[in-house]
Each structure stands twice: as structure tokens, then as C-alpha cells.
Amino acid sequence: MNTNATEFAAAQWTRATGAGVDPHEYRRVTEGLTSVADWGPSFLRTGHSYLQRADNTGSPVSAGEYLLMAARWFHLATLAPYAEAGRAAAAADHALGRAITVLEPGARRVSGEGFTGWLRGPSDAPTVVVVPGLDSAKEEFLDLVAALLARGLAVFAMDGPGQGVLAATTVLRPDYEQIVGRVIDALGVARIGLVGLSLGGYFAARTAALEARVAAVATVSGPFRLDWDALPPPVRDIMSRRAGGADAARAFADHVDLASLAPRIAAPLLVVDGGQDVIPGVTNGEPLARTASHGTYLSVPHGDHLLGNARADWLPHLTDHISHALTGASA
């Protein structure tokens, strides 16, 4: 593996393992890369190997588990520049849909203008909406969804504009509260909990400030503000691809500022940051927690971006926060 591929694989290590892929398999796959250009095809092949296992097993449960793993690998294929990223995102979406259909017959696909996703869990339970970030997708946070489901909640894990399976046909938009409003209408619920990860943390906080039906909110590695000129070139490149060009990306980044919105968040808010998450041009969430009327700040000193290396330090706390805020009972 060349130096660039080695560095890229190392940089994605905790994100990939935090998404739920086996760390040993991740090492086996990435050690075979000769360049970053091999990333997408290699991860796509690994995803297809799980589809084959799903097709060859006689157990519906095993098939569903293999399909969930295929969805993870297909999604991770999109993290490096890859001409077939749209195909990989579609494969992730399809594998997830097959898995949920097998494992949870009561789950339902819900789609509307600017969003799509799966509603899982009890039909009479409080509902949590999980919002992905700049280059993440609903397939990346299956373990978070599982932890929320384990607490008796219903969960809608979504892709929005410029995200996941919708990235090929839509672009990022800062007024994400409009999208979440449509989601709430489509789900037919009176109120929701909201969890946003990475850039999704900004979307969640902004929505909590502007959408009165948000009754609980949590952010993980979410930006309080973005400074386009200070962002690392790889981040600007991803944002440019997802927003529809460099000018549109700069305009989008200029909107990402919660200073005036944070005081308007009335719902109980938990802000989770990793102490090792230092991306130039990104202001972490402490000011958000401090400025919101019911904000709590949890900083994990050894946590990196999305804290895939420290899940035990925040995931139970976050899911308990959402559960308690929505049900009034300890999880």
C-alpha cells in the first residue's frame, strides 16, 4: 500500500470500525490497496462478498445480518473520490432495504421530497430521527439506531439532500429544518427526538431551534460554525461535490453558524465532542451547549471525529438522554 493509501486508511480507521465493520477485515481490505483510487472498488467487492453470503445461507437472520454488513461496506466505498460512488450508495441503500425487510417485517420505507429512510421499531413508541452529515448516510449509524431501538424507541434513519442515496440527484441545503418538517409530517407524529452526526449535528441543532415539534436533541461532532477559507482542501472538495460546485459550497459553509439560533433551542440538548476532533475551520459544539437554554456538554478527551474510538463513553449516555427526554423514564 502506498503512503497516500496508508494515510487515508488510517484516517478512516475509527470511522469505519465505528460504523460496525470488523477491524481485522478492514485491515485486510485496506492493506491490499495500492492507491486511494483502489478504495472504492475494493470496498464494493467486499460488500458484494456479503451479498453472496446472504444469498447462500439458509437462515433469514444470517441473511439479514450479512445484508446489513454489505450495506456498511457499500457506504464506506463512497468515502474516497470514486466515479462509481452513486452506484455504491445505491447498493448500500438496496442492501439495507433487503436486510430490514427480512429482519423487521413491520418496518416501512418512508420517502418524500428531499428525504428517504426506514422507520423501525414499535408503532406506538416515541420516534427519533437520525440525521447524517457531509458524506455519511443512514447506513453508517446502524449501531446507534440499534441502541435507540433497544430502549423501546422508534427510529427513522434518513438520507436528506446531498446525502447517501440522494447524493446523486440532490445537493446539500442549509435549511434542513424544512426537510425534517416534511419527515415529521410523513411520519404522522406530534413530536420527535433528533440526533445529528457531524454536519448532521448542525442540521439537528438548527432544526431544534426552528421546528417546535423537536422534543429532544443530541449532536455528535457537530460544527457550531464553519470557516470556508480555513477548511482543509479534502473537506472543501467533498462539500463542493455534495453542494453542486465550489461557489455553492462556500455559500453553504457561510450559512453554518449557530450563534443566533442556539438560544432558541428549547428542547433538552446533549452536545457530544471528541477532544481529538480538531479539523481546521470547524468550531466544535461547546458554545452550542453553553448558549442553549437546556444544553449539556459531553467532551470525551480521547474521542476523534464521530468518536468511533470511544463509543462506550458516549453512546449509552446519548441514547439514555433521548429516551428520558421523550418518555420521562430512565432507560
Side-chain angles (χ1 to χ4, degrees), residues 114-115 127-136 138 141 144 148 155-163 172-184 191-228 231 235 239 242-243 252-274 277 279 281-300 303 305-307 314-315 317-319 321-322 324-326:
F115 71 89
T127 301
V128 184
V129 176
V130 177
V131 176
L134 176 60
D135 61 349
S136 54
K138 62 188 180 301
F141 305 116
L144 166 63
L148 291 164
V155 185
F156 182 69
M158 64 177 287
D159 292 331
Q163 298 172 319
L172 292 171
R173 49 185 288 182
D175 58 340
Y176 208 96
E177 73 280 359
Q178 300 291 330
I179 304 300
V180 177
R182 292 176 197 156
V183 167
I184 299 171
R191 63 188 193 126
I192 62 163
L194 193 56
V195 181
L197 300 109
S198 192
L199 183 63
Y202 164 75
F203 292 144
R206 177 186 171 94
T207 299
L210 299 172
E211 170 56 73
R213 291 174 290 180
V214 175
V217 60
T219 70
V220 180
S221 298
F224 184 77
R225 185 177 58 82
L226 293 181
D227 180 350
W228 172 263
L231 290 174
V235 176
M239 195 172 292
R242 296 298 179 110
F252 173 85
D254 287 345
H255 277 96
V256 180
D257 188 338
L258 292 169
S260 63
L261 290 173
R264 299 175 61 177
I265 299 174
L269 164 69
L270 174 66
V271 176
V272 179
D273 274 340
D277 182 6
I279 302 175
V282 180
T283 305
N284 289 335
E286 188 277 332
L288 171 62
R290 176 167 34 86
T291 312
S293 56
H294 301 287
T296 303
Y297 188 58
L298 173 61
S299 179
V300 180
H305 190 65
L306 289 173
L307 296 96
W314 66 271
L315 183 54
H317 188 77
L318 181 148
T319 48
H321 161 81
I322 293 290
H324 180 73
L326 292 180

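If you read the sequence from its start, that first residue is 1, and numbering goes on from there. Quick note: numbers below take in every heavy atom, side chains included, and nothing from hydrogens, waters or symmetry partners.
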| query | Between Val130 and Leu148, does a side chain to side chain contact (heavy atoms under 4.5 Å, CB included) hold up when you go through it step by step? | reply | CA-CA 10 Å; Val130 177; Leu148 291 164; 4.0 Å; yes
| task | Given side chain to side chain contact (heavy atoms under 4.5 Å, CB included), test Leu258 with Thr283 step by step and report yes or no. | result | CA-CA 10 Å; Leu258 292 169; Thr283 305; over 6 Å; no
So do the side chains of [X] and [Y] get within less than 4.5 Å of each other, counting heavy atoms only?
X: Phe141; Y: Val220; result: no
X: Ile265; Y: Thr291; result: no
X: Asp175; Y: Arg206; result: yes
X: Leu210; Y: Gln178; result: no
X: Leu306; Y: Ser198; result: yes
X: Ser299; Y: Glu286; result: no
X: Val183; Y: Ile192; result: no
X: Arg225; Y: Asp257; result: yes

What pair of heavy atoms forms the shortest contact from [X] to [Y], and how long is it?
X: Gly201; Y: Thr219; answer: O-CG2, 3.4 Å
X: Pro161; Y: Gly114; answer: CD-O, 3.1 Å
X: Ala218; Y: His321; answer: CB-CD2, 4.3 Å
X: Arg242; Y: Gly162; answer: NH1-O, 2.9 Å
X: Val256; Y: Pro223; answer: CG1-CG, 4.1 Å
X: Arg191; Y: Ala215; answer: NH1-CB, 3.4 Å

Can you tell me how far apart [atom1] ([X]) and [atom2] ([Y]) are? Round to the nearest 0.5 Å.
X: Ile184; Y: Ile179; atom1: CD1; atom2: CD1; answer: 12.0 Å
X: Tyr297; Y: Asn284; atom1: OH; atom2: CG; answer: 6.0 Å
X: Ile322; Y: Leu194; atom1: CD1; atom2: CG; answer: 7.5 Å
X: Lys138; Y: Phe115; atom1: NZ; atom2: CZ; answer: 12.5 Å
X: Asp273; Y: Leu307; atom1: CG; atom2: CG; answer: 7.5 Å

Is the side chain of [X] donor-acceptor paired with the backbone N or O of [Y] at a distance under 3.5 Å, no angle test?
X: Ser221; Y: Leu197; answer: no
X: His305; Y: Gly274; answer: no
X: Trp314; Y: Val272; answer: no
X: Glu177; Y: Ala208; answer: no

| said: I'd like to know whether Leu261 forms a side chain to side chain contact (heavy atoms under 4.5 Å, CB included) with Leu288, so could you lay out the CA-CA distance, the side-chain angles of the two residues, the decisive distance to 0.1 Å, and finally the verdict. | reply: CA-CA 9 Å; Leu261 290 173; Leu288 171 62; over 6 Å; no
| task | Sequence neighbours left out, what passes ring-ring contact (aromatic ring centres under 6.0 Å, His included) with Tyr176? Give chain and number order. | result | Phe203
| remark: Those residues at least two apart in sequence (or on a different chain) that pass salt bridge (Lys or Arg N to Asp or Glu O under 4.0 Å) with Arg213 are Asp185, Glu211
| request: For Leu226 and Met239, run side chain to side chain contact (heavy atoms under 4.5 Å, CB included): C-alpha distance rounded to whole Å, both residues' side-chain angles, the deciding distance at 0.1 Å, then the answer. | output: CA-CA 12 Å; Leu226 293 181; Met239 195 172 292; 3.9 Å; yes
